[in-house]
Amino acid sequence: MMKITLHEIKIRDLCAGYEDLSITEEGIVGYGGRLNIRPKYQREFVYDDKKRNAVIDTVWNNFPLNVMYWVKTDGSDGIGYELLDGQQRTISICSFIAGEFMMTLDGNLCAWDNLTDTQKNRILDYPLQVYICENGTDEEKLKWFNIINIAGEKLTHQEIRNAIYSGPWVTQAKRYFSKTGCVAYRIASNYMSGTPIRQDYLETVLEWIGDRDGKSVEQYMAIHQHDPNADELWLYFQNVINWVKAKSTQYRREMKGLPWGLIYNAHKDDKPDAVKLEKQISKLMQDSDVQRKSGIYEYVLDGDERHLGIRLFDGNTKREVYERQKGICPICGKHVDINEMEADHITPWSKGGRTIAENCQMLCVECNRRKSDR
């Protein structure tokens, strides 16, 4: 049964034993060495100077700071707690006390060493409100992590998953996909959207490989949580990106952010010819009826026109054609109100028909649906 309790912890205790070991991938610790401030699964520091300074200013003026969340661990590695939410605020406080930056307090620019003992105690005695979670199943923790009112730099879904399924697998996966300038970013930033440090890359690749295996992201992470490495995920990702590059003789900005892993899963065995694909893509890029240019890459592989967002007939064209037909559906011969009719390409777009008045007919809804089902 999961237990959650509220504690009051002073800043002097939080900052005791503060040490930044992130350069060696060992995270950041505090609270006498018992709190893992940035576990290996967590994101990097993302506060800018304005937000960082606002934290210190809040403490200095004795204003309330948002509650933080810790998770009690088994302590087998000497660490008794992991910080789930509040990392940015905690690092802001600890790094100021460690003398890592200066800021203006009461109109004076100063570092920690410039403060008097009275001023230092004003900060060190500030009480933090911390909820500590212990015990509980993965499902209970995941539910709690998702419903708590996380303020500030809100945790992403993937950061929460990283907390639930932390272990050697997450550590290595994060090294590949979640660091500033990580190797995944270097080789695939033209094809991926989002930012690595907010776990966008890792989440995306997990969705791709989960689609391949018929697993959800949570299921895949649970299965591999205690694997010694994330080689399978990394090799799969490389295969996806190499396949995309091999099938593309020309890069276009529309390629960024497409679900390449899902496309790879569906078509990796089709062996499409890159030169022929490029000719099709180039022609479609020049087609003014194709409104969703990014959808061209999926269309040339599966032929589904829904990817393209083919331009629809506008209201003026519909009215012009309706009047020309005198409101009569050319298929069933019935007179129908314009609001009960739909515009249709006489010659389908796929066979060269354009979205122009000369190629438009107004059909009653029933006839148009029947025609579409053929």
Undergrad: Is the NZ or CZ atom of Arg34 positioned over Tyr81's six-membered ring, under 6.0 angstrom from the centre and within 45° of the axis?
TA: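 No, cation not above the ring by the 6.0 Å, 45° rule.
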
Undergrad: Can you see whether Arg253 engages Asn190 through a side-chain donor-acceptor pair at a distance of less than 3.5 angstrom?
TA: no

Undergrad: Give the minimum heavy-atom separation between Val336 and Tyr322, together with the two atoms involved.
TA: O-OH, 2.8 Å

Undergrad: Is the shortest side-chain heavy-atom distance between Ile263 and Val244 below 4.5 Å?
TA: no

Undergrad: Can you see which heavy atom on Ile123 is nearest to which on Trp112, and at what distance?
TA: CD1-CZ3, 3.8 Å

Undergrad: Does a donor on one side chain and an acceptor on the other come within less than 3.5 Å for His345 and Thr347?
TA: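 The criterion, which ignores hydrogens and geometry beyond distance, is not satisfied for Thr347 and His345.
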
Undergrad: Would you confirm whether Gln361, through its side chain, and Ala343, through its main-chain N or O, come within 3.5 Å as a donor-acceptor pair?
TA: no

Undergrad: As an exercise, state the distance from CD1 of Ile310 to CD of Gln291, rounded to the nearest 0.5 Å.
TA: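 Answer rounded to 0.5 Å: 8.0 Å.
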
Undergrad: Quick one: pull up CE in Met68 and CG in Leu128 and give me the separation to the nearest 0.5 Å.
TA: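 That separation rounds to 5.0 Å.
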
Undergrad: Please report the shortest heavy-atom distance between Gln325 and Pro330, naming the atom on each side.
TA: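 Minimum heavy-atom contact is NE2-CD, 3.7 Å.
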
Undergrad: Can you tell me if Arg292 uses its side chain to pair, donor with acceptor, with the backbone of His307 under 3.5 Å?
TA: yes

Undergrad: Under 3.5 Å, is there a donor on one side chain and an acceptor on the other for Thr317 and Asp314?
TA: yes

Undergrad: For Lys279 and Leu277: C-alpha separation, side-chain torsions, deciding distance, then whether side-chain contact (heavy atoms from CB on, under 4.5 Å) applies.
TA: CA-CA 5 Å; Lys279 289 181 179 179; Leu277 286 178; over 6 Å; no

Undergrad: Check whether Met362 and Val365 end up in the same hydrophobic cluster, where Ile, Leu, Val, Met, Phe, Trp and Tyr are linked by side-chain heavy atoms less than 4.5 Å apart.
TA: no

Undergrad: Go through Asp287 and Arg354 one step at a time and tell me if the salt bridge (charged side-chain N to carboxylate O under 4.0 Å, His left out) criterion holds.
TA: CA-CA 10 Å; Asp287 191 329; Arg354 311 303 301 165; 3.1 Å; yes

Undergrad: Salt bridge check: are Lys293 and Glu298 linked by an N-O gap of less than 4.0 Å?
TA: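 Result for this pair is no, no salt bridge flagged.
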
Undergrad: Could you tell me whether Lys120 atom NZ has more than 12 heavy atoms of other residues or ligands within 6.0 Å of it?
TA: yes

Undergrad: Rounded to the nearest 0.5 Å, what's the gap from CZ on Arg198 to CD on Glu203? Could you check?
TA: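 The CD atom of Glu203 is 11.0 Å from CZ of Arg198, to the nearest 0.5 Å.
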
Undergrad: Say whether Phe101 and Ile28 are linked into one hydrophobic cluster, either directly or through other cluster members, by side-chain heavy-atom distances under 4.5 angstrom.
TA: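 Both belong to a single hydrophobic cluster.
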
Undergrad: Taking atom types as modelled and ignoring hydrogens, do the side chains of Tyr236 and Asn265 form a donor-acceptor contact shorter than 3.5 angstrom?
TA: yes

Undergrad: Please evaluate residues Asp302 and Arg306 with respect to the criterion salt bridge (charged side-chain N to carboxylate O under 4.0 Å, His left out), reporting the C-alpha separation (whole Å), side-chain torsions for both, the decisive distance (0.1 Å), and the verdict.
TA: CA-CA 11 Å; Asp302 64 21; Arg306 289 175 295 182; over 6 Å; no

Undergrad: Nearest 0.5 Å please: distance from the CD1 atom of Ile132 over to the OG1 atom of Thr5.
TA: 5.5 Å

Undergrad: Would Arg52 and Asp49 count as a salt bridge (charged side-chain N to carboxylate O under 4.0 Å, His left out) if you check the C-alpha gap in whole Å, the side-chain angles of each, and the deciding distance to 0.1 Å?
TA: CA-CA 5 Å; Arg52 178 199 64 186; Asp49 290 353; 3.5 Å; yes

Undergrad: If we ignore hydrogens and angles and just use 3.5 Å, is the side chain of Lys334 paired with the main-chain N or O of Cys329 as donor and acceptor?
TA: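 No, Lys334 side chain to Cys329 backbone: no donor-acceptor pair under 3.5 Å.
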
Undergrad: Decide whether Leu6 and Val71 are clustered together by the hydrophobic rule: side chain heavy atoms of Ile, Leu, Val, Met, Phe, Trp, Tyr closer than 4.5 Å, transitively.
TA: yes

Undergrad: So which heavy atom on Cys364 is nearest to which on Cys332, and how close?
TA: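 Minimum heavy-atom contact is SG-SG, 3.9 Å.
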
Undergrad: Does Ile338 belong to the same Ile/Leu/Val/Met/Phe/Trp/Tyr cluster as Val321, with side-chain heavy atoms less than 4.5 Å apart forming each link?
TA: yes

Undergrad: Identify the two heavy atoms, one from Ile37 and one from Gly30, that lie closest to each other, and give their separation to 0.1 Å.
TA: CD1-N, 3.7 Å

Undergrad: Spell out, as yes or no, whether a donor-acceptor pair under 3.5 Å connects the side chain of Lys215 to the backbone of Tyr220.
TA: no

Undergrad: Would you say Asp289's side chain and Arg311's backbone share a donor-acceptor pair under 3.5 angstrom?
TA: no

Undergrad: For a side-chain contact (heavy atoms from CB on, under 4.5 Å) check, start with the C-alpha distance between Trp169 and His224, then their side-chain angles and the critical distance, and finish with the verdict.
TA: CA-CA 7 Å; Trp169 182 90; His224 296 279; 3.8 Å; yes

Undergrad: Let me confirm one number: the CG-CG distance from Asp13 to Leu124, rounded to the nearest 0.5 Å.
TA: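 Output value for this atom pair is 9.5 Å.
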
Undergrad: How many angstroms lie between CG in Asp211 and CG in Leu262, if you round to the nearest 0.5 Å?
TA: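 Separation between the atoms: 5.0 Å.
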
Undergrad: Heavy atoms only: give me the nearest Arg89-Val67 pair and the separation to one decimal.
TA: NH1-O, 3.2 Å

Undergrad: Is a donor from one side chain sitting under 3.5 angstrom from an acceptor on the other, for Asp337 and Asn339?
TA: yes

Undergrad: Donor-acceptor pair, Asn114 side chain versus Ala111 backbone, under 3.5 Å?
TA: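 Flag set: sc Asn114 to bb Ala111 pair under 3.5 Å.
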
Undergrad: So Trp349 and Tyr299, would you call those rings parallel, tilted or perpendicular, with 30° and 60° as cut-offs?
TA: perpendicular

Undergrad: Counting N and O atoms only, with roles assigned by atom type, does the side chain of Thr104 sit under 3.5 Å from a partner on the main chain of Gly107, one being a donor and the other an acceptor?
TA: no

Undergrad: For the side chain of Asn121 and the backbone of Asp117, is there at least one donor-acceptor N/O pair under 3.5 Å apart?
TA: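 Yes, because the side chain of Asn121 sits within donor-acceptor range (under 3.5 Å) of the backbone of Asp117.
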
Undergrad: For the residue pair Glu320 and Asn316, confirm or rule out a side-chain donor-acceptor distance under 3.5 Å.
TA: no

Undergrad: Is Glu82 salt-bridged to Lys72, going by a charged N under 4.0 Å from an acidic O?
TA: no

Undergrad: With sequence neighbours excluded, tell me which residues meet side-chain hydrogen bond (donor to acceptor under 3.5 Å, both in side chains) with Asn53.
TA: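 Expected list: none.
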
Undergrad: If you measure from the Lys or Arg side-chain nitrogens to the Asp or Glu carboxylate oxygens, is any gap between Glu342 and Arg369 under 4.0 Å?
TA: yes

Undergrad: Would you say the ring centers of Tyr191 and Tyr251 fall short of 6.0 Å from each other?
TA: yes

Undergrad: Less than 6.0 Å separating the ring centroids of Tyr18 and Tyr31?
TA: no

Undergrad: Kindly assign one of parallel, tilted or perpendicular to the pair Phe177 and Trp234, based on the angle between their ring planes and the thresholds 30° and 60°.
TA: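 Phe177 vs Trp234 ring planes: perpendicular.
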
Undergrad: Hey, is the main chain of Val275 close enough, under 3.5 Å, to the side chain of Asp273 for a donor-acceptor pair?
TA: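 Answer holds: yes.
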
Undergrad: Would Ser178 and Gln199 count as having a side-chain donor-acceptor pair, cut-off 3.5 Å?
TA: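 Yes, Gln199 and Ser178 have a side-chain donor paired with an acceptor closer than 3.5 Å.
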
Undergrad: So, Tyr126 versus Trp60, ring centres under 6.0 angstrom or not?
TA: no

Undergrad: How about Gln172 and Arg175: does a side-chain donor come under 3.5 Å of a side-chain acceptor?
TA: no

Undergrad: Answer yes or no: is there an ion pair linking Glu278 with Arg252, defined by an N-O contact shorter than 4.0 Å?
TA: yes

Undergrad: Can a side-chain donor-acceptor contact be found between Asn61 and Asp57 if the only test is distance below 3.5 angstrom?
TA: yes

Undergrad: Looking only at atom types and distance, does a side-chain atom of Ser189 sit under 3.5 Å from a main-chain N or O of Arg186, one as donor and one as acceptor?
TA: no

